[in-house]
Peer 1: 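After the structure tokens below, expect a handful of questions from me.
In the text below, chain A, chain B and the rest are named by the order of the sequence lines, each starting its count at 1.
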Number of protein chains: 2
Amino acid sequence: MKPTLQTVADAVGVSRSTVSNAYGRPDQLSPELRERILTAARELGYAGPNPTARSLRRGRAGAIGVLFTDVLSYAFRDPFAVRFLQGLSLAAERHQTGLLLIPVPDDPEAARAAVRNAAVDGFCVFCVAEGHPARQAIFERGLPVVGTELLAGDPEMLAAGIDEAAATRAAGMHLTALGHRRVAIVADMLHPAISPLGTVVREPSDVSYLGESERLRGYQQAWRKAGLDWDEVTIVNVRGNSREAGVEGAAQVLDRRDRPTALVAFSDVIALGTMDALRARGLRAGRDVSVIGFDDIPQAAEAGLTTVRQPATEKGRIAGELLLDPPATAEGRRVALPTELIVRASTGPAPDGRN
Amino acid sequence: MKPTLQTVADAVGVSRSTVSNAYGRPDQLSPELRERILTAARELGYAGPNPTARSLRRGRAGAIGVLFTDVLSYAFRDPFAVRFLQGLSLAAERHQTGLLLIPVPDDPEAARAAVRNAAVDGFCVFCVAEGHPARQAIFERGLPVVGTELLAGDPEMLAAGIDEAAATRAAGMHLTALGHRRVAIVADMLHPAISPLGTVVREPSDVSYLGESERLRGYQQAWRKAGLDWDEVTIVNVRGNSREAGVEGAAQVLDRRDRPTALVAFSDVIALGTMDALRARGLRAGRDVSVIGFDDIPQAAEAGLTTVRQPATEKGRIAGELLLDPPATAEGRRVALPTELIVRASTGPAPDGRN
DNA sequence: GTTGCCTTCTAAATCGATACAGTAGGCGCG
DNA sequence: CGCGCCTACTGTATCGATTTAGAAGGCAAC
């Protein structure tokens, strides 16, 4: 049998409460007795209060739930996601809390069950499509939920986010100001969760991730304002947020006769991939084709990639803080973080004439 | 007040046990009653049995602990680590279990407390240095522990690992068979946990990660056997497992007059970085300088990198299975996975004469 | 000497579920 | 009819801790 508080209490000849206090409230007993208790505990192989029992009594699970979907595990290849997670963990650490990655089965019912069975104090909705079966289960738990989308529908939802549309609007205007009129978008996350590959999504409202939807809208707004025809904008829908996906996505537009003079991506990782594709064709980023990314990961600076900077770690940290220490006032429940268009060498004036 | 089993039981007019059975053992009550109960629960806003209470009663936390150190968060940039984690999550999913990432504070006492407070059924020791304060705390919990090092000292420890030394021995012999005699090692993880940067570690026994220690030993064995002087082997100790670290590490040896004809790295990520460094200097991998990596991540194939293949996802999956369903026999408790030297274009005959 | 306060410890209630033994009622069968 | 057996449910102990109210003893002050 594993020793419990009672085992130790009996061994020392004190009450269970006193042993509990020895661990959790050292000021409640004399230092000598505490020392005796801790020594006895060590001898008995008692490793300290059972975290599960403590959680039950305290009413605090000591963990934040994060759904570990395929999407998320791929997302880990993106430094942005990793930094977000680091931020989350910073907040968690401050609150002596863990991050529970919940593997989500493909079967919808099993997915819901996984969410219901998670011993957590709240959920961080990160990389979970709008229509995902687990998503509803999350809200049904009645626990605090934090997302990264300021415009999320649920009024209960906490959020640490950016004005996605404003961010890409600025990026889009930067391009039109440089004279670009033939533009393409390369993006992951555009497809509805359960649609066949290759589905073409053009309208922001059809995008199943709110953030991506807004990014699309931002470009739409900027370019419409500049007089471009949205239907003329090429949208390449790649699967997966990776450099390779960027290479492949760019390949679909760069070899066309009327190749765009500018490419925008919804992540730096993809943008860097499109730059690889340019290089492979002897095209110069910022001269022959301008490229804009999103996130401003460290590699973006090295590659001279123009991009939208958002504070990754801070986003995670604030999301965590919101979850673990929810503000009383409704205003405080949605935190808007700043973004900034970082102009580097990958954007330049549109080349003259036909190619 | 949040509704509990009792709330629902009272509302329906049945006993608590019956409501519990409605969720956990549908065969124990009539379908009609079950439906009535679930409906009532929904109306009362009862989200299902409290996972913490269930955990306590069942004696199963429903989570595997993984220490989330800085090292691990950097490791996420390596596809190998991500795939390992995916494997772990596969096993976890099968056992309806989560992965609890435990943020580890810098303060040693706080780090130990974090481990003691984690509600988990076992730990996976991944990317935790031998001397790390949290490491001992893990074993003190008396829970199952799985590692990735077959030779780990603790006899209690479960392991899913490879014969690291044999793997690098094969790689080392491949190089000497090709005539290489001026070789260098570029590796992260060599430094003792709490040593100043730049400390030079040459002996396997001084390496604080067992796996890396064995990899070093493998090269040492291969090259000594081939008559090379170990002291002549350049060892570059980089900080961090990243492509950039590889670039920087390679820079330290490639610009020397007696530049090595072969570079070996302890991860593909670093090896790919060294190949970047070669390219930047107009050197051809496999012709001017041979390069060997470790892991065989997908990018290695694309880059034509010779490397040691190890089954990443499988390693994680088996680690998880060992933890969640420990074999009765001692033999089954350490699973050896196969490795294979994958020879690609990045290795070739040593160039003749001086450079 | 009594009152009151402080320190140090104890007893009992409680957190929210699950498991197991037990009971009541219905049904088949010789 | 009486026995056994099955189905459907209940009651109670239990998981391992924390918390709160309270008791015992010591000491100072009036």
Peer 1: Measuring centre to centre across the rings, with the benzene-like ring taken for any Trp, is B:Tyr23 within less than 6.0 Å of B:Tyr46?
Peer 2: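 Ring-ring flag for B:Tyr23/B:Tyr46: true, centres closer than 6.0 Å.
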Peer 1: Determine: side-chain N/O of B:Thr52 to OP1/OP2 of C:dG16, distance under 4.0 Å, yes or no.
Peer 2: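 False: B:Thr52 side-chain N/O out of range (4.0 Å or more) of C:dG16 OP1/OP2.
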Peer 1: Would you mind telling me which of C:dC15, D:dT19, D:dA17 lies closest to the side-chain atoms of A:Tyr46?
Peer 2: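 Among C:dC15, D:dT19, D:dA17, the one nearest the side chain of A:Tyr46 is D:dA17.
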Peer 1: Extract from the structure each pairing of a protein N or O with an N or O of nucleotides 4-7 of chain C at less than 3.5 Å, listing the distance.
Peer 2:
none

Peer 1: A:Leu143 and side chain to side chain contact (heavy atoms under 4.5 Å, CB included): which partner among A:Ile138, A:Asp121, A:Val120, A:Ile64?
Peer 2: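 The single option meeting the side chain to side chain contact (heavy atoms under 4.5 Å, CB included) with A:Leu143 is A:Val120.
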Peer 1: So, OP1 or OP2 of C:dA19: does either fall under 4.0 Å of a side-chain N or O from B:Arg25?
Peer 2: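 For C:dA19, OP1/OP2 do have a side-chain N/O of B:Arg25 under 4.0 Å.
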Peer 1: In this structure, how many angstroms lie between the C1' atom of C:dC15 and the CG atom of B:Asn50, rounded?
Peer 2: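 Distance, rounded to whole Å: 9 Å.
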Peer 1: Is it true that A:Arg94 and A:Glu321 make a salt bridge, defined as a side-chain N closer than 4.0 Å to a carboxylate O?
Peer 2: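 Salt bridge: yes.
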Peer 1: In whole angstrom, give the distance that lies between atom CZ of A:Arg54 and atom P of C:dG16.
Peer 2: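 Going from CZ in A:Arg54 over to P in C:dG16 covers 18 Å.
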Peer 1: Please tell me whether A:Ser20 and A:Arg25 have a donor and an acceptor in their side chains that are separated by less than 3.5 angstrom.
Peer 2: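 A:Ser20 vs A:Arg25: no donor-acceptor pair found between side chains.
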Peer 1: So what is the end-to-end bend of the helix from C:dG1-D:dC30 to C:dG30-D:dC1, with 5 pairs used at each end and the value given to 10 degrees?
Peer 2: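 Rounded to the nearest 10 degrees, the bend comes out at 50°.
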Peer 1: Do A:Leu158 and A:Val145 touch side chain to side chain, with heavy atoms closer than 4.5 Å?
Peer 2: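 No; the side chains remain at least 4.5 Å from each other.
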Peer 1: Using whole Å, what does the distance between atom P of nucleotide D:dA17 and atom CZ of A:Arg60 come to?
Peer 2: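 Atom CZ in A:Arg60 sits about 17 Å away from atom P in D:dA17.
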Peer 1: Do B:Glu130 and B:Ser208 meet the criterion of a side-chain donor-acceptor pair at a distance under 3.5 Å?
Peer 2: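 Result is no, nothing qualifies.
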Peer 1: Is the shortest distance from a Lys or Arg side-chain nitrogen in B:Glu149 or B:Arg334 to a carboxylate oxygen in the other one below 4.0 Å?
Peer 2: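 Answer for the salt bridge query: no.
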Peer 1: Return yes if a side-chain donor-acceptor contact under 3.5 Å exists between A:Arg60 and B:Thr52, otherwise no.
Peer 2: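 No donor-acceptor contact under 3.5 Å links the two side chains.
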Peer 1: Given side chains that start at C-beta, do those of B:Val128 and B:Tyr209 come closer than 4.5 Å, heavy atoms only?
Peer 2: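 No; the side chains remain at least 4.5 Å from each other.
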Peer 1: I'd like to know if B:Arg57 reaches the base of D:dT14 with its side chain, counting only an N/O donor and acceptor under 3.5 Å.
Peer 2: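 Side chain to base: pair found, below 3.5 Å.
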Peer 1: Can you tell which of B:Phe80, B:Phe76, B:Phe84 makes a ring-ring contact (aromatic ring centres under 6.0 Å, His included) with A:Phe76?
Peer 2: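 By the ring-ring contact (aromatic ring centres under 6.0 Å, His included) criterion, A:Phe76 pairs with just one of B:Phe80, B:Phe76, B:Phe84: B:Phe76.
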Peer 1: Roughly, in whole Å, what's the span from CG in B:Asp10 to P in D:dG11?
Peer 2: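 Distance, rounded to whole Å: 11 Å.
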Peer 1: From CZ of B:Arg36 over to P of D:dA8, roughly how many Å is that when rounded to an integer?
Peer 2: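 Taking atom P of D:dA8 as the reference, CZ of B:Arg36 is at 14 Å.
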Peer 1: Indicate whether the side chain of A:Asn117 and that of B:Arg54 have a donor and an acceptor atom separated by less than 3.5 Å.
Peer 2: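 A donor-acceptor contact under 3.5 Å links the two side chains.
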Peer 1: How many whole angstroms separate atom CD of B:Gln6 from atom P of C:dA17?
Peer 2: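 In whole Å, C:dA17 P and B:Gln6 CD are 10 Å from each other.
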Peer 1: Take the protein atom CG of A:Leu5 and the nucleotide atom P of C:dT14, then report the distance between them rounded to whole Å.
Peer 2: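 That distance rounds to 19 Å.
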Peer 1: Tell me the interatomic distance from B:Arg58, atom CZ, to C:dC20, atom P, rounded to whole angstroms.
Peer 2: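 One finds 12 Å between P of C:dC20 and CZ of B:Arg58, rounded.
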Peer 1: Looking at CZ of B:Arg116 and CG of A:Asn50, how far apart are the two atoms once the value is rounded to the nearest 0.5 Å?
Peer 2: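 With rounding to 0.5 Å, CZ (B:Arg116) is 14.0 Å from CG (A:Asn50).
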Peer 1: Show each protein N/O and nucleotides 9-11 of chain C N/O combination with a separation under 3.5 Å, one pair to a line.
Peer 2:
residue : atom : partner : partner atom : Å
C:dC9   : OP2  : A:Ser30 : N            : 2.8
C:dC9   : OP2  : A:Ser30 : OG           : 3.4
C:dT10  : OP1  : A:Ser15 : N            : 3.3
C:dT10  : OP2  : A:Ser15 : N            : 2.9
C:dT10  : OP2  : A:Ser15 : OG           : 3.0
C:dT10  : OP2  : A:Thr18 : OG1          : 2.4
C:dA11  : N7   : A:Ser17 : OG           : 3.3
C:dA11  : N6   : A:Ser17 : OG           : 2.9

Peer 1: Checking contacts here: which listed nucleotide (C:dA17, D:dA17, D:dC15) is nearest the side-chain heavy atoms of B:Leu56?
Peer 2: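 Selected nucleotide: D:dC15.
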Peer 1: Taking any heavy-atom pair under 4.0 Å as a contact, classify B:Tyr23: base, sugar-phosphate, or nothing.
Peer 2: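 Answer is nothing: B:Tyr23 stays at 4.0 Å or more from every strand.
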